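All values reported here derive from a predicted model rather than from experimental measurement.
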Amino acid sequence: MEIRILSVGKIKEKYLNDGIAEYTKRLQRYCKLTFVQVADEKTPDHACEAVNTQIKMTEGQRLLKHIREQDYVIALAIEGDMPDSVGLSRKLEMLGIHGRSCVTFVIGGSLGLSREVLDRADEKLSFSRMTFPHQLMQMILLEQIYRSYRIMKKEPYHK
């Protein structure tokens, strides 16, 4: 199975890049992992809702250009379902069993995802009702995908 991580913005922090590199290395034995990053828009402080919506729309159009028709799309969104790690593992396993060759996880920018991206998603996933930096979410997501594969393969991993 191919797992694609489609995200807004580049990760500049070394500690996050190091963590992402570590989980990327660990996942090599389980799946094909692909990263696609699109440019983020400058978000002015105290911008009005119309400006924020326009920024999300612009970033959303960039994201949608990289979503293929055959992709099963899981958008990271605060209003999404919150499965536990076993639930996410079962979801990925079932997608593979049902012939889904590519699962694309979409991580929005600092303002979140546009309505168009959310509408294209096959489902929405939330890690918490709390807000996390979108750069950090990439590493958290990779850790949970790695954990999912360990669970699927019945391999030990800390709880």
field: Salt bridge flag under 4.0 Å for residues Asp122 and Lys124
entry: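 No salt bridge links Asp122 with Lys124.
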Distance (rounded to the nearest 0.5 Å) between [X] [atom1] and [Y] [atom2]:
X	Y	atom1	atom2	result
Thr43	Asn52	OG1	CG	7.0 Å
Cys102	Met1	SG	CE	8.5 Å
Ser101	Leu95	OG	CG	10.5 Å
Leu141	Leu76	CG	CG	5.5 Å
Thr24	Met139	OG1	CE	11.0 Å
Ile145	Cys31	CD1	SG	7.0 Å

- prompt: Under the side-chain hydrogen bond (donor to acceptor under 3.5 Å, both in side chains) rule, what pairs show up with a residue in residues 108-118, not counting sequence neighbours?
  reply: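 Every side-chain hydrogen bond (donor to acceptor under 3.5 Å, both in side chains) pair that includes a residue of residues 108-118, provided the two are not neighbours, is Ser114-Glu116.
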query: Can you tell if the side chain of Arg129 reaches within under 4.5 Å of the side chain of Met82, non-hydrogen atoms only?
result: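 With C-beta onward as the side chain, the pair touches.
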field: Contact check, side chains of Arg150 and Pro156, non-hydrogen atoms, under 4.5 Å
entry: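 A side-chain contact under 4.5 Å exists here.
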Linking I/L/V/M/F/W/Y whenever their side-chain heavy atoms sit closer than 4.5 Å, directly or via other members, would [X] and [Y] fall into one cluster?
X	Y	result
Leu125	Met94	no
Leu111	Met137	no
Val103	Ile140	yes
Leu88	Met130	yes
Leu136	Ile5	yes

query: So does Arg90 have more than 12 non-hydrogen atoms from other groups sitting under 6.0 Å from CZ?
result: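 It does not: Arg90 CZ has 12 such atoms or fewer within range.
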Tabulate below the donor-acceptor pairs under 3.5 Å that side-chain atoms of residues 13-20 make, not counting sequence neighbours, or state none.
| unit_1 | atom_1 | unit_2 | atom_2 | d |
| --- | --- | --- | --- | --- |
| Lys14 | NZ | Asp18 | OD1 | 3.3 |
| Lys14 | NZ | Asp18 | OD2 | 2.7 |
| Asn17 | ND2 | Ile11 | O | 3.1 |
| Asn17 | ND2 | Glu13 | O | 3.4 |

field: Listed once per pair and sorted, the ring pair (Phe, Tyr, Trp, His ring centres under 6.0 Å) pairs that draw on residues 115-138, sequence neighbours left out
entry: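 Applying ring pair (Phe, Tyr, Trp, His ring centres under 6.0 Å) to every pair that reaches into residues 115-138, excluding sequence neighbours, yields nothing.
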message: Applying ring pair (Phe, Tyr, Trp, His ring centres under 6.0 Å) as the test, list every pair that has at least one member in residues 24-80; sequence neighbours left out.
response: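 Every ring pair (Phe, Tyr, Trp, His ring centres under 6.0 Å) pair that includes a residue of residues 24-80, provided the two are not neighbours, is Tyr30-Tyr149.
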field: Trace of the side chain to side chain contact (heavy atoms under 4.5 Å, CB included) decision for Gln138 with Gln37
entry: CA-CA 11 Å; Gln138 189 168 327; Gln37 294 176 334; 4.2 Å; yes
Looking only at heavy atoms, which two atoms of [X] and [Y] are closest? And how far apart?
X	Y	answer
Ala77	Ser126	O-CB, 3.2 Å
Tyr146	Leu27	CA-CD2, 3.6 Å
Val51	Ala47	CG1-CB, 3.8 Å

- prompt: Quick one: which of Arg4, Arg120, Arg100 gives a side-chain hydrogen bond (donor to acceptor under 3.5 Å, both in side chains) with Asp71?
  reply: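 Among Arg4, Arg120, Arg100, the one that satisfies the side-chain hydrogen bond (donor to acceptor under 3.5 Å, both in side chains) with Asp71 is Arg4.
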Just jot down the side chain to side chain donor-acceptor pair (under 3.5 Å) partners of [X], sequence neighbours excluded, or say none.
X	result
Thr58	Gln54
Glu2	Thr34, Arg68
Arg26	Glu22
Ser85	Gln144

message: Just to verify, what does Glu123 make a salt bridge (charged side-chain N to carboxylate O under 4.0 Å, His left out) with, not counting sequence neighbours?
response: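 With neighbours one apart ignored, the set is Lys91.
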- prompt: Is there any salt bridge (Lys or Arg N to Asp or Glu O under 4.0 Å) pair reaching into residues 30-59, and which pairs are they, with sequence neighbours excluded?
  reply: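 As it turns out, the salt bridge (Lys or Arg N to Asp or Glu O under 4.0 Å) pairs with a partner in residues 30-59, which skip direct neighbours, are Glu41-Arg62.
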message: Starting from Leu64 and following side-chain heavy-atom contacts under 4.5 Å between hydrophobic residues (I, L, V, M, F, W, Y), which residues can be reached?
response: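 Direct or chained contacts put Leu64 with Leu6, Val8, Val36, Val38, Leu63, Ile67, Val73, Val106, Leu113, Val117, Leu118.
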query: With clusters built from Ile, Leu, Val, Met, Phe, Trp and Tyr whose side-chain heavy atoms come within less than 4.5 Å, directly or transitively, what are the remaining members of the cluster of Ile151, listed by chain and number?
result: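 Same cluster as Ile151: Val86.
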